[in-house]
There are 2 protein chains.
Amino acid sequence: MDRTTIEDAIFPDCPIRNILARLCDKWSLLVLYTLNKAGKEPIRFKELQREIPDISQKMLTVTLRTLEEDGYVTRTIYPEVPPRVEYALTERAYSLLPRINALIAWALENRDPIMKDRKAFIGKSRN
Amino acid sequence: MDRTTIEDAIFPDCPIRNILARLCDKWSLLVLYTLNKAGKEPIRFKELQREIPDISQKMLTVTLRTLEEDGYVTRTIYPEVPPRVEYALTERAYSLLPRINALIAWALENRDPIMKDRKAFIGKSRN
DNA sequence: AGCAATAGTTACATTTTAGTAAGTATCTGA
DNA sequence: TCAGATACTTACTAAAATGTAACTATTGCT
């Protein structure tokens with residue numbers, strides 16, 4: 001659970017290094033996006049797994065814990081059997097999500113030309 | 001130079017996995033931000049290094065190449081001695097940057113409460 | 001008694017990413 | 001002749017992130 005990664009001593013206040021770097025891993029954006037897509041209703045662990053079928057149980061746990069740590073999601077445990085744990089987005093997440101969605105929309109709009117450039121670059125670098 | 005990372009076979013069209021994932025590494029956002037900060041004038045390799053003092057030469061090269069590959073920066077070599085290589089942002093980068101800057105601004109605004117939550121979480125998890 | 005269900009944890013292995021240090025090329029100026 | 005400048009590349013190492021598989025707990029159901 002030690003995801004201190006890029007908390008550099010040189011730039012302890014840099015918002016990129018401190019805040020954004022933690023969202024920049026393999027799963028965080030995807031989990032936030034998926035929770036948001038589900039609407040305002042909280043969503044269970046298992047359901048999240050179904051939505052992101054290639055995430056491992058461990059990484060879903062780790063990702064959710066990190067998001068909780070930074071206050072993007074809440075975790076509510078219902079002491080039932082079998083256990084029920086629900087995850088919901090916080091106000092902080094809702095204030096961030098428009099920015100993330102703008103980024104996703106941009107990525108979608110620009111995906112094809114980017115992919116083209118990416119492929120073309122192979123030839124270029126072999127020159 | 002094989003940064004295919006999260007190009008998952010399951011979701012080959014996902015903009016998060018394909019486009020954003022490549023910007024989500026330790027240095028890409030910082031390099032884009034730094035190039036942008038410098039204004040519209042191109043900037044030399046060495047100068048970028050001075051602006052981001054803790055990036056290694058190798059990672060600056062790798063990061064710039066990936067950004068070039070996806071069409072965010074151009075690389076212009078001037079055959080002088082000592083060599084001069086200038087990097088500049090493309091139109092694509094300029095269309096992306098407002099979104100990134102919005103994210104950075106959000107991160108800056110929310111940094112203090114997030115850091116607070118992050119610290120408080122330690123105690124919570126030991127309960 | 002034994003299995004199913006959910007939401008984990010843990011130890012371990014693998015993969016990916018990043019850092020280090022040395023080497024390359026070329027010309028200039030002391 | 002030899003250091004200095006720039007922009008790299010390369011081989012190697014270290015560290016971090018992620019994946020895998022097994023294990024935990026509890027209760028209801030058959």
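First the proteins, then the strands, lettered A, B, ... as listed; each starts at 1.
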Exercise for the section: Check whether any side-chain nitrogen or oxygen of Arg44(B) sits under 4.0 Å from OP1 or OP2 of dA5(D), and answer yes or no. Expected result: no

Problem - Nearest-0.5 Å distance that lies between atom CG in Leu60(A) and atom CZ in Phe45(A) - result: 4.0 Å

Practice task
Measure from the side-chain heavy atoms of Thr61(A) and tell me the nearest of dT18(D), dA7(C), dG8(C).
Solution key: dG8(C)

Exercise for the section: Please answer whether the main-chain N or O of Ile19(A) pairs with a side-chain N or O of Arg111(B) as donor and acceptor at a distance below 3.5 Å. Expected result: no

Handout entry: Phosphate-side-chain proximity, Arg65(A) and dG8(C), N/O vs OP1/OP2 below 4.0 Å
Key = yes

Handout entry: Main-chain N/O of Leu32(B) paired to Asn36(B) side chain as donor or acceptor, under 3.5 Å
Key = no

Handout entry: Of the listed nucleotides dA7(C), dG8(C), dA7(D), the one nearest the side chain of Val85(B)
Key = dA7(D)

Exercise for the section: Look only at the side chain of Thr66(A) and the backbone of Val62(A), and say whether a donor-acceptor pair between them is shorter than 3.5 Å. Expected result: yes

Practice task
Sort and list the pairs that fulfil side chain to side chain donor-acceptor pair (under 3.5 Å) and have at least one residue in residues 87-97 of chain B, not counting sequence neighbours.
Solution key: Trp106(A)-Ser95(B), Asp117(A)-Arg92(B), Arg75(B)-Tyr87(B)

Handout entry: Cluster check Met59(B), Leu35(B): I/L/V/M/F/W/Y, side chain < 4.5 angstrom
Key = yes

Exercise for the section: Would you indicate what Tyr87(A) reaches in the nucleic acid, counting non-hydrogen atoms under 4.0 angstrom: base, sugar-phosphate, or nothing? Expected result: sugar-phosphate

Problem - Sub-4.5 Å side-chain heavy-atom contact between Ile114(A) and Tyr72(B) - result: yes

Practice task
Would you mind telling me which of dG8(C), dG19(C), dA7(D) lies closest to the side-chain atoms of Lys26(B)?
Solution key: dG19(C)

Handout entry: Nearest-Å distance for atom pair CD1/C1', residues Ile43(A) and dA7(C)
Key = 14 Å

Problem - Any Arg75(A) side-chain N or O less than 4.0 Å from OP1/OP2 of dA7(C) - result: no

Handout entry: Donor-acceptor contact below 3.5 Å, side chain Asn18(A) vs main chain Pro12(A)
Key = yes

Problem - Euclidean distance, atom CG of residue Leu23(A) to atom P of dA17(D) [Å, nearest integer] - result: 14 Å

Fill in the blank from the handout: Taken to the nearest 0.5 Å, the spacing of Ile43(B) CD1 from Lys37(B) NZ works out to 8.5 Å

Handout entry: Whole-Å distance separating the CZ atom of Phe45(A) from the P atom of dT9(C)
Key = 9 Å

Fill in the blank from the handout: Terminal axes of the helix from dA1(C)-dT30(D) to dA30(C)-dT1(D) (5 end pairs apiece), angle rounded to 10 degrees, sit apart by 30°

Exercise for the section: Take the protein atom CG of Asp25(B) and the nucleotide atom P of dA16(D), then report the distance between them rounded to whole Å. Expected result: 16 Å

Exercise for the section: Return yes if some donor-acceptor pair links the side-chain N/O of Thr61(B) with the main-chain N/O of Gln57(B) below 3.5 Å, else return no. Expected result: yes

Problem - Separation of atom CD in Glu86(A) from atom C1' in dT6(C), rounded to whole Å - result: 13 Å

Exercise for the section: Send over the distance from Ile52(A) CD1 to dT18(D) C1', rounded to a whole Å. Expected result: 15 Å

Completion exercise
Taken to the nearest whole Å, CG/Leu60(B) to C1'/dT6(D) is 13 Å

Handout entry: Per-nucleotide protein contact string for nucleotides 20-30 of chain C (B base, S sugar-phosphate only, - none; heavy atom under 4.0 Å)
Key = B-----BB---

Practice task
Calculate the interatomic distance between Gln49(A) atom CD and dG19(D) atom P; express it in whole Å.
Solution key: 12 Å

